[in-house]
Amino acid sequence: MALLDANEVADLLEEIGDRLELTGESPFKVRAYRNAADLLRELNEPLAELVASRRLMKFPGIGEAIAEKISSLHKKGTHPTLERLREEVPDGLLDVFRIPGLGPKKVLQLRDTLGIEDLDALERAAQSDKLVTLKGFTAKMQAKVLESIGFVRASAKRILLIEADFLARERIHQLKADPGCLRSEVTGETRRRCETVGETAVLAEFDPGAKLPADDGRARVAACAPGQFGTKMLFETGAPDFVEAMMRHAEKQGAKLTPEGLTLKSGPAETPTEERVFMALGVPFVPPELREDAGALEQALNGSLPDLIVEKDVKGILHSHTTYSDGQASLEAMCEAVRALGLGYYGVCDHSQSASYAGGLKEDKIKAQHAEAEKLNAAYEKKGVAFRVFKGIESDIREDGSLDYPDEVLKRFDFVVASVHSRFDLDEKTQTSRVAKAAQNPFTTILGHMTGRLLLRRTGYKLDIARVLEACAANGVAVEINAHPVRLDLDWRWHTRARELGCLLSINPDAHTIPELEHYRYGVAVARKGGVTAKDNLTSLDAGELAKHFSARKART
DNA sequence: GCCGTTTTCGGCCCGACTGTTTTCAGTCG
C-alpha cells in the first residue's frame, strides 16, 4: 500500500467524522475529526515528515487519539476505527445524509422508524408519503427531499475539478516512473477545465511492446502507440460534439480523422501533437476549455476565437479573509503570501457584522483592520515595495437587499463585495429583487458568488440571473467569478451573457487560508471556458488602475 | 476528541431560521 498523503488522510478523517455522526456521537467529537481534516489540507510540509518526526501533536486540535489515527491512515491506508465504522454505518446512509435539510438526527430517525438506509429507500418512502407521518417532517420537507435526491445521486458520480487535478497529477507522476511510457498528459473534462469531472483520464504514449500499467481505479489511462498521440489527444479530450464537428470538417476536406490518425487527401499526416492535427486541417488551435460543442470550431474557422485570459493576467487578489473574521492567516501573512505569488495587491475582505458565525467585523475591528492596512501600506512604500493593501469588506446582503452597515461606515472602505449568506429559501422574484437592490447600492463594487451554489453539495438559490446581470451592468458593479473550487460562481455558462450586457467580471479566490490564495487559478480556468479576456476582468488591472476604478466608484456615493 | 486549567472535567462559535415548536430541537452558514 502506497503511503497516503495529507489530502487523502484528510478525506478519511472526514469519512470517520461523517460516519461517527451517524452513530449519534457527540457533535464535538465529530468536529474534532473535521477540524483535523481541515488542518491536514492546509499543511505546508509533507505529512510523511510530520509522522516520522512525531510532530503531529504540536498542532492545536490534534491530540493523542487523532495523531495515532493519522499515522495509521498515512502508513496503512486505514484504521480499525474506520473499518468498524464502515461495518456499522452503511454507505447508503451517508448518501441520505447528503440531502439538504437532513442532519444526523433526522437521518437516524428515518433509519430507526422507516428502516431507510439508502437513497432508493428514501425515494420510495417520500413518494408514498411516508415521511410526513414522522414527527418533525412536513409535506414541504418531503417535497424538498424528493427534489434533492436526483441532485445527490448525480453528484455522487462526479468529483470537483481540483480533486480530478490531484488524481491526474498523481497518475502522471506514476507514469513518469514507468520506463515504457514515453509521455503522458491529462485529457477529458479535467483538461477542458469542467467545474466537476465524471471521469479523470490521462493519455499515455507507450513503447510498442511495453507492459501497460494496471488500472488504479481513480484515473483511467488511455494508451496509444507513438505517432497517434495528437489525434488520440483530441478524441480523449472531447467533448464529443466538438470532436464530431472536427471529423465533419476533416471529411469536407477529403480527409479522415480518427483516434488512430489523420489521413489527408495526399496521404497520412504526421500528428505527434494535437497542434499538428489542427494545423494539418487548417484550423486555428482551439483551447481545450472552449471545446464543449461545435460552436468553438466555427469561431476558430471564422477567426473569432476570443483572446482568453491567462493566469499571468491576474495582477492581485480581492475578496479574501483573514483572522479578523473566519480566515486562518493574519492580514500581514496573507499580504506576504500574495507578494510571494508575484501579485501586486491584496484587497482584504472579511465578513460583515451580520455574519456572526464567521466572526463578522463590528466597528471596532474595522478600525483596527484599517489601521493595520494603512501601517502595512506605509511600510511597503517606505521600503519601496510595489505592493498595496486595499480595504474591503464582504458585506452580507440583508433580507431586504440592503448592505450590512450604515453608509458612514461603508464609505470608509475602498471597495465592497456584496454577497448573500442567508435566506436562501426566498422565492425567485423576491430573491432577484433583493440581489438586484444590492447591485443598485452605490457602495457595492462587486457582487459576490451570485448564485450561492456549492458544487456537488447544494444548488444555488432561485434567481433570475439575467435580471441581476442587467442590474450589475446598469450600475457598473463587477460580477464575481468566485474562484473557490467548490463555488466557481458565476457559472461560466453565463460569462458571455454578462460580457454582452457590459458587465465587468472579477476573478476572486475567496481564500480563507494561504494555500487557497492560489485558487484564483481555478477562476481563470472557468473564465477561459466562459470566453473571458483579460480586459473583462477587474483583477487584471494593476494596483494603480484599480485604485482609480475604486475612486471612480466611490465618487458615485 | 481536544483543550486548559481556577488541571483530570466541562466546555467546545453562535445567531437565525424553521417547524406544529406553545418553549425548543434540528439544521445551516
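Chain identifiers are assigned alphabetically (A, B, ...) following the order of the sequence lines, protein sequences preceding nucleic acid strands; residue numbering begins at 1 within each chain.
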Original post:
Taking only residues two or more places apart in sequence or in another chain, which ones pass ring-ring contact (aromatic ring centres under 6.0 Å, His included) with A/Y346?
Top reply: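 Not a single residue meets the ring-ring contact (aromatic ring centres under 6.0 Å, His included) criterion with A/Y346.
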Subject >> Donor on one side chain, acceptor on other, A/E480 and A/H449, under 3.5 Å >> reply: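 No, no side-chain donor-acceptor pair sits under 3.5 Å.
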**OP:** Report yes or no: do A/S352 and A/D404 form a side-chain donor-acceptor pair below 3.5 Å?
**Re:**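 Distance-only check passes for A/S352 and A/D404.
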Original post:
Do A/R86 and A/E83 meet the salt-bridge criterion of a basic N to acidic O distance under 4.0 Å?
Top reply: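 Salt bridge flag = yes for A/R86 with A/E83.
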[X] [atom1] to [N] [atom2], straight-line distance once rounded to whole Å:
X: A/E64; N: B/dT8; atom1: CD; atom2: P; answer: 19 Å
X: A/L56; N: B/dC2; atom1: CG; atom2: C1'; answer: 15 Å
X: A/M141; N: B/dC17; atom1: CE; atom2: P; answer: 18 Å
X: A/R34; N: B/dC13; atom1: CZ; atom2: C1'; answer: 15 Å
X: A/Q142; N: B/dT20; atom1: CD; atom2: P; answer: 12 Å
X: A/I397; N: B/dA16; atom1: CD1; atom2: C1'; answer: 18 Å
X: A/F137; N: B/dT20; atom1: CZ; atom2: P; answer: 11 Å

Original post:
If you measure from the P atom in B/dC13 to the same atom in B/dT18, how many Å do you get, rounded?
Top reply: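 Going atom to atom, P in each nucleotide, I get 25 Å.
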Original post:
With rounding to whole Å, what would you report as the distance between B/dC14 and B/dT22 at their C1' atoms?
Top reply: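 That atom pair is separated by 25 Å.
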**OP:** Could you work out which one of B/dG1, B/dT18, B/dC13 sits closest to the side chain of A/K29?
**Re:**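 Output: B/dG1.
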Subject >> Nucleotide nearest A/R31 when distance is taken to its side chain, options B/dC13, B/dG19, B/dC12 >> reply: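 That would be B/dC13.
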Original post:
Using a cut-off of 4.0 Å on non-hydrogen atoms, how would the nucleic acid contact of A/D425 be classed: base, sugar-phosphate, or nothing?
Top reply: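 Result for A/D425 = sugar-phosphate.
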Original post:
Would you say the side chain of A/D510 lies within less than 4.5 Å of the side chain of A/H321, judging by non-hydrogen atoms?
Top reply: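 Yes - at least one pair of side-chain heavy atoms lies under 4.5 Å apart.
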Tell me which donor-acceptor pairs under 3.5 Å the side chains of residues 50-60 of chain A have, and how far apart each pair is, sequence neighbours excluded?
from	atom 1	to	atom 2	distance (Å)
A/S53	OG	A/E49	O	2.7
A/S53	OG	A/R55	NE	2.7
A/S53	OG	A/R55	NH2	3.4
A/R55	NH1	A/E45	OE2	3.4
A/R55	NH2	A/E45	OE1	3.1

Original post:
Using a cut-off of 4.0 Å between protein heavy atoms and nucleotide atoms, how would you tag nucleotides 21-29 of chain B 5' to 3' with B, S and -?
Top reply: -----SSSB
